[in-house]
Amino acid sequence: MTILNPWSWLRCLLSALALCGGLAMAQTLPDQAHDQTLGVVNCASSLCHGSIAGWDGSPVVQNEYVVWSRLDKHARAYALLTNAQSRSIAAKLGLPQPAHLSRECVDCHAHHPAASAPKPAPAHSVADGISCEGCHGPAQRWIASHTAPEATHASNIRDGLYPVDQPLARAKLCLSCHFGSSEKYVSHRIMAAGHPRMSFEMETFTNLQPAHFKVDDDYIRRKGNIDGVRIWAIGQAVAVSTQIDILLDPQRGRDGAFPELTLFDCHACHHPMADTRWKPRTAFGKAISPGLVRLNASSMLMLRLILAEIDAPMASRFSNAVLALNEAVAGKGDMRARALDVKALSDEAARMIAVRGLSREQLRSMALALVDDGLSGAYPDYAGAEQAAMALGSVVNTLHKLGQLKSGAALNKGLASIRDVLRYDEAYKPAEFQERLRGFRPLVATPLATR
Ligand code: HEC
Ligand code: HEC
Ligand code: HEC
Ligand code: HEC
């Protein structure tokens with residue numbers, strides 16, 4: 001069981017609010033911080049983070065710069081803005097400047113401190129893309145002290161290092177670019193001009209990013225052991241909260257007579273009329289009427305599933321709140337109030353998961369619930385199925401690591417076959433998805449003893 005006992009719960013609350021969570025306590029994001037950005041050259045020396053091989057005996061691998069600059073897409077995110085696709089996006093949008101000079105693009109494709117932040121040092125360049133300080137925070141106050149023998153992770157954070165190791169803070173950071181925020185956003189206009197659809201799941205993307213850190217005994221001693229499922233679960237809760245923030249943002253949330261369309265299920269609108277596909281979607285209780293644009297419910301579906309395992313009454317409050325929000329979007333009720341209900345519950349859920357974690361038994365039953373919800377038709381829409389598949393990957397992977405599921409090869413094959421039917425969003429067929437889930441079920445359903 002990974003659940004903390006009541007005493008450690010309390011100790012956690014008393015001694016480390018900032019580390020245990022509390023969205024309200026979360027540190028300012030790197031691009032909004034009040035410290036000066038110094039530039040990647042300050043991290044890159046071969047004695048610091050630019051070693052080719054990594055050093056024995058050092059707590060960190062020390063080749064972070066090499067991994068980032070050679071393998072990590074974040075290092076090239078700015079360069080993308082000068083390619084043909086970006087030029088075409090900027091031209092179609094009629095931006096007064098090319099993409100690489102437009103704040104609308106640079107804010108996410110580079111570490112680009114806000115206008116209110118101190119002017120970066122001359123060594124900093126947006127051409128470096130999403131640099132170390134874009135995730136770890138401007139280095140002004142921590143650069144000198146973080147290598148001192150007496151420095152601790154907590155003292156570095158006090159000096160302005162962004163706590164990217166903590167799932168709540170990490171979710172807020174990654175989602176600020178991979179979903180958007182009030183400051184920067186890929187609107188439906190930008191997508192219609194050719195920007196790819198955003199799809200993000202924090203645990204999967206943490207693993208996709210070429211690792212420049214190693215979670216070993218030393219790391220766990222310094223920063224604690226945070227399992228993948230907790231990262232996944234918190235990522236879902238923060239994604240719901242972020243979606244609501246945009247929905248309620250007076251500027252971002254609207255476009256003329258319409259709400260911001262990216263908050264809704266793309267395929268609610270984007271499918272041929274001959275392909276009539278309405279059926280009652282009852283995942284949150286009552287079905288909503290045909291002919292309505294549905295909110296993109298993918299992260300809400302995941303959060304409902306997580307809550308069903310850890311706090312059933314809260315799960316039912318959450319379902320009711322989502323249903324009421326959908327009705328309010330359709331004109332029945334006060335949308336702002338209902339959206340705030342959903343946000344309050346998802347923030348509470350994020351804090352709760354950060355502190356409690358999930359037990360093995362809860363994980364096993366969640367893996368099965370993901371499959372069984374799918375089989376009973378909970379994922380008629382692509383975005384939901386996509387999140388469910390990524391979730392299944394995270395949960396099954398963790399269970400396998402914990403020795404709770406055998407046969408890694410069979411699990412991988414099963415997961416690959418599920419992902420395979422999700423390759424093209426426009427060709428998504430719910431029945432095929434269910435077929436693959438049915439084939440996968442025995443791998444997670446059989447009690448361990450009989451396998
Ligand atoms: C809210 C943050 C955000 C904003 C604003 C933004 N982007 Fe992006 N962009 C991303 C992310 C994140 C991806 C990667 C999506 C993925 O792979 O999941 C991306 C991907 C892209 C890609 C495709 C990259 C590839 O590897 O194929 C292009 C091109 C692009 N953006 C151009 C632009 C342009 C031009 C603008 C301004 C009009 C812009 N972006 C604004 C976050 C943003
Ligand atoms: C897209 C975000 C991102 C960027 C860009 C980034 N990092 Fe990280 N970094 C992370 C995450 C996530 C972790 C793991 C969580 C943690 O330990 O803080 C991490 C961990 C680290 C660690 C801690 C390893 C340990 O054992 O404690 C170091 C050191 C580090 N990064 C250095 C760098 C350097 C140097 C650069 C630039 C060359 C860089 N990072 C760029 C996200 C990023
Ligand atoms: C300042 C904005 C920003 C932040 C913060 C950020 N990203 Fe990204 N990320 C991007 C952009 C832009 C791209 C697209 C680059 C490209 O396609 O070449 C990207 C690409 C990626 C990719 C590659 C996706 C692919 O399709 O191959 C991964 C993985 C990723 N990010 C993970 C993360 C994680 C995990 C975090 C949080 C620790 C994070 N990112 C934080 C902007 C950001
Ligand atoms: C409420 C309905 C609605 C929703 C939801 C919606 N769109 Fe659209 N989309 C439209 C309309 C209307 C247009 C304009 C079509 C035209 O110009 O003919 C459009 C245009 C587009 C285009 C350009 C197509 C073209 O032919 O040039 C793309 C790409 C696009 N949307 C992507 C998305 C994505 C991705 C999502 C989800 C994140 C989404 N849309 C959600 C209604 C919607």
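Residue indices begin at 1 and follow the sequence shown. Every number for a ligand or one of its atoms is a count from 1 in the order of the listing.
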query = Applying a strict 4.0 Å limit to heavy atoms, is Gln62 in contact with ligand 2?
reply = no
query = Does ligand 3 have an atom that lies less than 4.0 angstrom from a heavy atom of Arg76?
reply = no
note = Near atom 8 (Fe) of ligand 1, protein N/O/S count under 2.8 Å comes to 2
ask   = What's the shortest distance from atom 32 (C) of ligand 2 to any protein heavy atom, and which residue and atom give it?
value = Glu64 CG, 3.5 Å
Presence of salt bridge, Asp217 and Arg221, under 4.0 angstrom = no
query = Does Ser131 have a heavy atom less than 4.0 Å from any atom of ligand 2?
reply = yes
query = Quick one: which ligand 2 atoms are inside 4.0 Å of a heavy atom on Asp165?
reply = 15 (C), 16 (C), 17 (O), 18 (O)
query = Can a donor-acceptor pair be found between the side chains of Ser394 and Glu203 at a distance below 3.5 Å?
reply = yes
request  = Please say whether Lys73 places an N or O atom under 3.5 Å from an N or O atom belonging to ligand 3.
outcome  = yes
task = Tell me which one of Gln166, His49, His136, Glu133 gets a heavy atom nearest to atom 22 (C) of ligand 2.
result = His136
task = Look at atom 7 (N) of ligand 1 and say whether a protein heavy atom is found at less than 4.0 angstrom from it.
result = yes
task = State plainly whether the residues Lys401 and Asp227 are in salt-bridge range, i.e. N to O under 4.0 Å.
result = no
key: Close-contact set for ligand 3 against Leu173 heavy atoms, below 4.0 Å   = 5 (C)
query = Is Asp218 paired with Arg222 through a side-chain N to carboxylate O contact shorter than 4.0 Å?
reply = yes
key: Distance-only N or O hit between ligand 2 and Arg170, under 3.5 Å   = no
Closest non-hydrogen atom pair between Arg158 and Arg141, with its separation = O-NH1, 3.3 Å
key: For atom 14 (C) of ligand 1, closest protein heavy-atom neighbour   = His178 CE1, 4.8 Å
query = If you measure every N/O of Asp107 against every N/O of ligand 3, is any gap under 3.5 Å?
reply = no
request  = Could you say whether the N/O atoms of His74 and ligand 2 ever approach to under 3.5 Å?
outcome  = no
Nitrogen or oxygen of Gln209 less than 3.5 angstrom from that of ligand 2 = no
ask   = Is there any N or O on Lys223 that sits under 3.5 Å from an N or O of ligand 2?
value = yes
ask   = Aromatic rings Trp142 and His146: how do their planes relate, parallel, tilted or perpendicular, breaks at 30° and 60°?
value = perpendicular
query = Given Glu183, Glu104, Lys184, Arg103, which has its nearest heavy atom closest to atom 5 (C) of ligand 1?
reply = Glu104
key: Arg76, CZ atom: more than 12 neighbouring heavy atoms under 6.0 Å   = yes
query = Mind checking whether His111 has a heavy atom under 4.0 Å from ligand 2?
reply = no
query = Side chain of Ser102, backbone of Cys105: donor and acceptor closer than 3.5 Å?
reply = no
task = Report the member of Ala139, Cys132, Ala169 with the shortest heavy-atom distance to atom 37 (C) of ligand 2.
result = Cys132
message = Suppose I only count heavy atoms of Cys177 and a 4.0 Å limit; which atoms of ligand 1 are within that range?
response = 1 (C), 2 (C), 12 (C), 42 (C)
task = Assign the ring pair His109 / His195 to parallel, tilted or perpendicular, where the plane angle (0 to 90°) is split at 30° and 60°.
result = perpendicular
message = Show the atoms of ligand 1 that are less than 4.0 angstrom away from any heavy atom in Ala99.
response = 35 (C)
inquiry  = Keeping Glu386 on the side-chain end and Leu422 on the backbone end, is there a donor-acceptor pair under 3.5 Å?
reply    = no
key: Within-cutoff protein neighbour (heavy atom, under 4.0 Å) for atom 16 (C) of ligand 1   = no
query = Hey, is atom 2 (C) of ligand 1 touched by any protein heavy atom at less than 4.0 Å?
reply = yes
key: Contact check: Trp68 vs ligand 2, nitrogen or oxygen atoms, below 3.5 angstrom   = no
